[in-house]
Amino acid sequence: MEQQKAPRIAVYPGSFDPITNGHMDIIQRASRQFDKLIVAVLNNLSKKPLFTVEERKELISSVTGHLPNVEVDSFRDLLVNYVDYRKADVIVRGIRSVTDFEYELQLASLNHQLNHNVETIFMMTNPKYSYLSSSVVKEIAYFKGDLGDLVPVEIEQALRKKYEDMPKPQ
Ligand code: PNS
């Protein structure tokens, strides 16, 4: 009798403040490699994000709705503990540059040290988005620059609204 294989579940963690087309590219590609991909927003109390965790989750859900095996969640724990809790065994991270690689190598090595059962898999970001980050997207939006191919339309609208509602320093 054929043995039933356990579903392959991966976690794609990050701040996603906000999600960009670089993240979208990784989500689309990673979702094809696993039975389930959990996009997990870090709920980090020490950071001052532009969007709340709930807003970020809603925004990610709104732009990944067409991917049936993608789930959106948040966590406030060590990543390896969250991965265990979700019965996943893979962490997916995107790499844009050598600078990213150095940081990611440290993160993956630490996570391996903390839990040997968790594997980190890197995906090279589409070179089209190698310069892209949530920080530059926020800066461009703040100065009302063109967000063109940098974020999905829903995210552009949310950014415009966020900065419209925000009191400007004198
Ligand atoms: O999008 P980011 O900000 O580069 O994502 C960083 C993230 C969320 C992957 C990383 O900060 C993280 O995993 N934080 C949770 C706490 C943790 O497990 N830290 C690593 C071991 S010290």
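All figures in this text were calculated on a predicted structure; none of them were measured in a lab. Read the numbers this way: they start at 1 and go in the same order the structure lists the ligands and their atoms.
In this structure, atom 12 (C) of ligand 1 is not in close contact with the protein, since no protein heavy atom lies within 4.0 Å of it.
No part of N44 comes within 4.0 Å of ligand 1, judged by heavy-atom distances. Contacts of L42 with ligand 1, taken as heavy-atom pairs under 4.0 Å, involve the side chain alone.
The single protein non-hydrogen atom nearest to atom 19 (N) of ligand 1 is L78 CD2, 4.3 Å, given as residue, atom name and distance. Atom 22 (S) of ligand 1 has L110 CD1, 4.1 Å as its closest protein atom, hydrogens excluded (heavy atom only).
Around the CD atom of Q28, the shell of radius 6.0 Å holds more than 12 heavy atoms that belong to other residues, nucleotides or ligands.
Side-chain contact of D89 with N117: a donor-acceptor pair under 3.5 Å is absent, judged by distance alone. Residues Y85 and D77 bring no donor and acceptor atom of their side chains to less than 3.5 Å of each other.
A salt bridge is defined here as a Lys NZ or Arg NE, NH1 or NH2 lying under 4.0 Å from an Asp or Glu carboxylate O, and K161 with E156 fails to meet this definition. Of the charged side-chain nitrogens involved, at least one lies within less than 4.0 Å of a carboxylate oxygen, so that R86 and D73 count as a salt-bridged pair. Note on K138 versus D17: salt bridge recorded, some NZ/NE/NH1/NH2 to OD/OE distance being below 4.0 Å.
Short contacts between ligand 1 and D77, defined as distances under 4.0 Å to a heavy atom of the residue, involve ligand atoms 15 (C), 16 (C). For ligand 1, the atoms closer than 4.0 angstrom to any heavy atom of L79 are 13 (O), 17 (C), 18 (O).
Atom 7 (C) of ligand 1 has its nearest heavy-atom neighbour, among Q106, E104, Q113, R93, in R93. Checking D17, N111, N43 against atom 21 (C) of ligand 1, the nearest heavy atom belongs to N111. Of the options S15, G14, S134, the smallest heavy-atom separation from atom 3 (O) of ligand 1 is shown by S15.
A heavy-atom distance below 4.5 Å is found between the side chains of V63 and I155.
In terms of polar-atom proximity, defined here as any N/O pair under 3.5 Å, Y103 makes no such contact with ligand 1.
Cluster annotation: L42 and Y12 are assigned to distinct hydrophobic clusters (Ile/Leu/Val/Met/Phe/Trp/Tyr, side-chain heavy-atom contacts under 4.5 Å, transitive).
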